Amino acid sequence: MPELPEVETVRRGLAPVLENRILKTITVRRRDLRFPVPAQLAKRLTGVRVTALERRAKYILIRFSDGHVAILHLGMSGRIKIFPQGHEITQEPHDHIVMTTDHNDSVVFNDPRRFGSLLLTSDNALADHKLLKGLGPEPLDAAFDAKLLASRLKGRHTPIKAALLDQRTVAGLGNIYVCESLFRAGISPRRQARTVQGGRAVKLHQAIQEVLREAIAAGGSTLRDHRQPDGELGYFQHHFAVYGRAGEACPDCHCHSEKSSGIKHIVQSGRSTFYCARKQR
DNA sequence: CTCCTGTCCTGCCGGC
DNA sequence: TGCCGGCAGGACAGGA
């Protein structure tokens, strides 16, 4: 589920609840997530103050005053629920981790498919952590420009769709926002990555940043289960130009007519791709 | 190295 | 109505 905009939305919802708070209780109901939740996690973090919530790619980093850093990934179906102090905590299936702060707010990590993970490291080991080490640039950082994107795509003999899904190229894009970015840039998902240089790289860079910024502003996209931590729905899904719209006409286009059948749905490296063959080359 | 496929897990939806 | 196959927003591990 969650790509960069959804993860950023979760981070923003979580920050006011956790920052500068001491974790009073941490309950791990299921440890067998994508990676086992460290057995000592609760013991290490209980009674420690949270100093900051950050995001790197699709990871949420929870920093603690003693140098610990918790690395949270929501996988495909992970969700964060917040129960403000005084509200009844309703339990649901797949509530794997529950924590409560010294303000009596509760934070619940729910993940039916258990592709998510919660790991623990320390500030000085963070940069070298195996999950973070190979990640490409943050797409919304100033350091990420068209030139850097082009250099990351140079020489790559894989479709641009696959290259952008690869977190080592740019970190944080997933299936939806890759499709949407390629549409906006007018680039076919089947185009060889190495041919996205010069003007095409400029357009793609701009499209990626626009799509991500707009999606964050909309609180992310809600397909099945993404909600903001306060329960509000994200609404960027209403702005999808191509994702999930096979057979429809794409915006301002005559791709759906007697002679063409609208937005195409193909499968690339095992994932659905949606695009307009008329606008994307 | 790079690239591609299989795999983990549960829930839901459409078709028969 | 009920069952079953296929598919889902991710990304690692391992093979070619």
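Convention: sequence-line order gives letters A, B, ...; per-chain numbering from 1. Note that the coordinates shown come from a computational prediction; the quantities given were computed from them, not determined experimentally.
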Gap in Å between the two P atoms, one belonging to B:dT5 and one to C:dC7, rounded =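 It works out to 15 Å between them.
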query = Quantified in whole Å, what is the C1' atom distance between nucleotide B:dC12 and nucleotide C:dA11?
reply =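 These two C1' atoms come out 23 Å apart once rounded.
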Give one of base, sugar-phosphate or nothing for [X], where a contact means two heavy atoms less than 4.0 Å apart.
{"X": "A:R34", "answer": "base"}
{"X": "A:G174", "answer": "sugar-phosphate"}
{"X": "A:Y59", "answer": "sugar-phosphate"}

Tell me whether the OP1 or OP2 atom of [N] has a side-chain N or O from [X] closer than 4.0 Å.
{"X": "A:H73", "N": "C:dA11", "answer": "yes"}
{"X": "A:H94", "N": "B:dC9", "answer": "no"}
{"X": "A:R113", "N": "C:dA8", "answer": "no"}
{"X": "A:S272", "N": "C:dA8", "answer": "yes"}

Hydrogens and angles aside, do [X] and [Y] bring a side-chain donor and acceptor to less than 3.5 Å of each other?
{"X": "A:T51", "Y": "A:S65", "result": "no"}
{"X": "A:T169", "Y": "A:R156", "result": "yes"}
{"X": "A:Y243", "Y": "A:S221", "result": "no"}

Atom-to-atom span, CD of A:Q268 to P of B:dT5 - whole angstrom =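 Whole-Å distance recorded here is 11 Å.
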query = Starting at CG of A:L118 and ending at P of C:dG10, how long is that distance when rounded to a whole Å?
reply =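 Distance check: A:L118 CG to C:dG10 P gives 19 Å.
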message = Surrounding CZ of A:R168 (heavy atoms of other residues, nucleotides or ligands, distance under 6.0 Å), is the total greater than 12?
response =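 No, because the 6.0 Å sphere around CZ of A:R168 holds 12 heavy atoms or fewer from other groups.
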request  = Provide the Watson-Crick or G-U wobble partner of B:dC9, both distances under 3.5 Å; none if there is no partner.
outcome  =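 WC or wobble partner does not exist here.
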request  = Scan every strand shown for a Watson-Crick or G-U wobble partner of C:dG15, both distances under 3.5 Å, and answer none if you come up empty.
outcome  =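 The base-pairing partner of C:dG15, which may sit in any strand shown, is B:dC3.
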inquiry  = Applying the 5.5 Å / 30° rule, does A:F115 stack onto the base of C:dG10?
reply    =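 Yes, A:F115 stacks on the base of C:dG10.
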query = Between A:K130 and A:L173, which has a closest nucleotide on DNA chain C that is more 5'?
reply =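 Between the two, 5'-proximity favours A:L173.
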Measuring from the side chain of [X] (C-beta onward, heavy atoms only), which nucleotide among [options] has the closest atom?
{"X": "A:K58", "options": "C:dA8, B:dC3, C:dA11", "result": "C:dA11"}
{"X": "A:Y243", "options": "C:dA8, C:dG10, B:dC4", "result": "C:dA8"}
{"X": "A:P112", "options": "B:dG11, C:dA11, C:dA8", "result": "B:dG11"}
{"X": "A:T158", "options": "B:dC3, C:dG10, C:dC12", "result": "B:dC3"}

key: Side-chain donor/acceptor contact of A:R114 with base of B:dC9 under 3.5 Å   =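 Result: no qualifying N/O pair found.
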inquiry  = When you measure only distances, ignoring hydrogens and angles, does the side chain of A:R271 come within 3.5 Å of the base of C:dA8 through a donor and an acceptor?
reply    =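 No pair found.
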query = Does A:H103 reach the main-chain N or O of A:D105 with its side chain, forming a donor-acceptor pair under 3.5 Å?
reply =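 Not a single qualifying donor-acceptor pair exists.
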